[in-house]
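Every chain is numbered from 1, with letters handed out A, B, ... down the list of sequences.
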Number of protein chains: 2
Amino acid sequence: MREISAPKKGKNSNKRFMAARKKYTISDIARELNTTSSTISRALQDSPRISLKMRKAAQELARLHNYEPDFRASSLRKGNSKIIGILVPKIDRHFFATVLSGIDEIAAPAGYSVLICQSFESFEKEKQLVKNLMHGRVDGIISSISIQTTDYSHFEQVIAKGLPLVFFDRVCESLKASKVMIDDYQGACMAVEHLIDNGCRNIAHFSGPQHINVYRDRTRGYFDTMKKHGLEVNDQLIIKDAITRDAGCQAMKKILKLKNLPDAVFSSGDYSALGAILCARDAGVIIPDEMAFTGFANEPWDSFIDPPLTSIDQHAFEIGKQAATLLLQQIESTDSVFVPRTLVLSPELVIRTSSVRKVLT
Amino acid sequence: MREISAPKKGKNSNKRFMAARKKYTISDIARELNTTSSTISRALQDSPRISLKMRKAAQELARLHNYEPDFRASSLRKGNSKIIGILVPKIDRHFFATVLSGIDEIAAPAGYSVLICQSFESFEKEKQLVKNLMHGRVDGIISSISIQTTDYSHFEQVIAKGLPLVFFDRVCESLKASKVMIDDYQGACMAVEHLIDNGCRNIAHFSGPQHINVYRDRTRGYFDTMKKHGLEVNDQLIIKDAITRDAGCQAMKKILKLKNLPDAVFSSGDYSALGAILCARDAGVIIPDEMAFTGFANEPWDSFIDPPLTSIDQHAFEIGKQAATLLLQQIESTDSVFVPRTLVLSPELVIRTSSVRKVLT
DNA sequence: TTATTTTATACAATCGATTGTATAATAATT
DNA sequence: AATTATTATACAATCGATTGTATAAAATAA
């Protein structure tokens, strides 16, 4: 790393004088117009209680000085912040980033900004962040819980304080909060069904931590679909906690040592599917004919890896939009009671080469 | 999409009573202890001006009631918000998401939260968001400008207000603000140099809008390196505004119609490189032997596409850390003058199959 | 015991905008 | 002209925490 020293055009030309500048406030406008701040406040809101002349004058002056009301002051008085807090495990995962875009799509036009916090999958950090979001900082919270989280008391406090809360994807099922998710069970069924349609019978399954609803549901979908088709499940082919690329690779290595190789892998994540594919390919396995693969998440790179990976799309953008909509409804509702809602979106099977076989019937 | 109706356990069991609950404030504690809010405020800050007995009592009561100071009130009084505003084109791009993680890495432990805004590459939206961030909402801004932005008056206002501002990646060179970027020129030189090392002589170049510093610098690096090696540049092989996958594909289609095909493509983005690769591969071009490719950005999928794509890593995480560090320094500085700094990180060439040829010398 | 210092707390102003109520100045009504 | 209604603005309280100054009480010194 290097530092560019700014070119010296003249004396102090690159220095900037810091804001000794005092804030220009509503009372400054009032002073200039020989009136009081209350009048100006109303004038700027175009209140009919103020004469047209005064309104024009105040607005003109405000424009001239580039005046905007101070957020802290007005939100203290009005009791809201026009900020939504978002708490997710990690922002650089495509799924979460996309959900966020969906949230923004609804929140921004409604005049809400978005405060984003990352738990980095840490329970402690999540707890601390929730606490931090609580006291007047945000008008509501949208969250997907960290993978470590099994105790939900911090979220219970949010609810107890009456702060609107919406969960998405990784939700806490026992809490009385709105939730938006996709039907992970159905997604898993679709994937496995598809593999079976393509002639696979001995299907391996990679999943994630079973205390997280999404992984549990996907695994359940796998078992149920296998059962439905009368297919036997080989315990050695069920690998839990394989959701990273590396874990997928390790899992495949283990599997390749078995005498009875599976003819397909249904993975609860695209990264582990990828790891497994690369590992299998290296070992000379022909994909999809000897072994078919389906992932879960429909990562953007699924379509251009070799072979392109069949996956389940989670409609992340839509999840974000729905979550934001529910939250804003709750924030802006004047009802004294609130009935939490649970929305379940249908996932979509995106079929690509990794799973399409010439069926040998 | 469907909605799950909550199971009815009993009367109103799924309803939640909204916060009629009044806020528990510092004065409530004061009342309970027969003292005033100023005493409690000091007690909670462990001020030596308050007796130990009172401090203990106040802290105990605060803990009991789960009291935390109201953010709006304390930030109004203290004149800060402990929030950093981030303004980026789009959060679901891996580069930006990673920079953000880097920022968070520095900001969070320093007690700052992060307010994220997306301009969606729109100048109007960017202007509006900057305005929105200005009046007491944040203590400083970190931004990468939108692709449409050529007028910087909104940022000038930020500087004029004395609000700390740091640019990264896509910076505005003329403004007196700190900047953090990678050496795009050097990155381009490295990529082209590498292609030449691999025997390429007739190198095409895809780039982006030339009013953006990063694309301009990459293109300059390309031209200079070609010149340095005495290689001729064919105007038909220079495609500006090709930074999406689709544009890359279109550009490649055009190129494939030429009589004199290039033996390499240096693209200023990985997505356009990908589009070009897929298109070329479809047309039967052998990569890298007939045509080598290098991209720019080192997207996470670079390593697992076919063939793996050589690219330039931008050290996004480090950029974020540096930008946050500069910003926090500026926020917390008590100096009356501020000298903007410009940090330039070295990019890194990540060599993969797409560009490594058996050199035919 | 009185004067002086120390200690602990109360009082009051402040941050900047908002909003209910009061009042002065007009205008309309009888 | 006197009374009422209307209009425009001023006054003051408020949101909740922070912080400088004043004051009462206790402790020390004279």
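Side chain to side chain, A:Asp92 and A:Gln118 fail the donor-acceptor criterion of an N or O pair below 3.5 Å. Side-chain contact annotation: A:Arg170 with A:Thr149, donor-acceptor N/O pair under 3.5 Å absent. For A:Ser41 and A:Gln45, the side-chain atoms include at least one donor-acceptor pair closer than 3.5 Å. With 3.5 Å as the limit, one finds a donor-acceptor pair spanning the side chains of B:Gln322 and B:Glu318.
Within 4.0 Å (heavy atoms only), A:Ser41 reaches at least one base atom of the nucleic acid. At the heavy-atom level, B:Ser38 lies under 4.0 Å from base atoms of the strands shown. Residue A:Arg72 is classed as having no contact, given no heavy-atom separation below 4.0 Å to the nucleic acid. Nucleic acid contact class of A:Tyr67 (heavy atoms, under 4.0 Å, all strands): sugar-phosphate only.
The one candidate from A:Leu327, A:Ile142, A:Leu115 that meets the side chain to side chain contact (heavy atoms under 4.5 Å, CB included) condition with A:Ile86 is A:Ile142.
For the pair B:Arg42 and B:Glu68, both in contact range of DNA chain D, the more 5′-proximal nearest nucleotide belongs to B:Glu68. In terms of position on DNA chain C, the residue among B:Ala73 and B:Thr35 whose nearest nucleotide sits closer to the 5' end is B:Thr35. In terms of position on DNA chain C, the residue among A:Thr39 and B:Ser37 whose nearest nucleotide sits closer to the 5' end is B:Ser37.
In this structure, B:Leu175 and B:Phe155 approach most closely via the heavy-atom pair CD1-CB, 3.4 Å. Scanning all heavy atoms of the two residues, the minimum distance from B:Val171 to B:Ile145 falls at O-CD1, 3.9 Å.
A side-chain donor-acceptor contact under 3.5 Å links A:Gln59 to the backbone of A:Ala43. With A:Ser119 contributing its side chain and A:Lys125 its backbone, the two residues share no donor-acceptor pair below 3.5 Å. Side-chain atoms of B:Ser333 do not come within 3.5 Å of backbone N or O of B:Gln329 as any donor-acceptor pair.
Chain B approaches DNA chain D within less than 4.0 angstrom (heavy atoms of the protein), and the contacting nucleotides run 5' to 3' from D:dG16 to D:dT21.
Evaluation of the ring-ring contact (aromatic ring centres under 6.0 Å, His included) rule for B:Tyr24 yields B:His65 as partners, not counting sequence neighbours.
At its two ends the helix from C:dT1-D:dA30 to C:dT30-D:dA1 runs along axes set 70° apart, each axis drawn from five pairs and the angle rounded to 10°.
A salt bridge is defined here as a Lys NZ or Arg NE, NH1 or NH2 lying under 4.0 Å from an Asp or Glu carboxylate O, and B:Glu68 with A:Lys161 fails to meet this definition.
Listed in residue order, the members of residues 43-55 of chain A having a heavy atom less than 4.0 Å from DNA chain D are A:Arg49, A:Ile50, A:Ser51, A:Met54. Sorted by residue number, the members of residues 24-34 of chain B with any non-hydrogen atom under 4.0 Å from DNA chain D read B:Thr25, B:Ile26.
Every pair passing salt bridge (charged side-chain N to carboxylate O under 4.0 Å, His left out) that includes a residue from residues 71-88 of chain A is listed here, sequence neighbours excluded: A:Asp70-A:Arg72.
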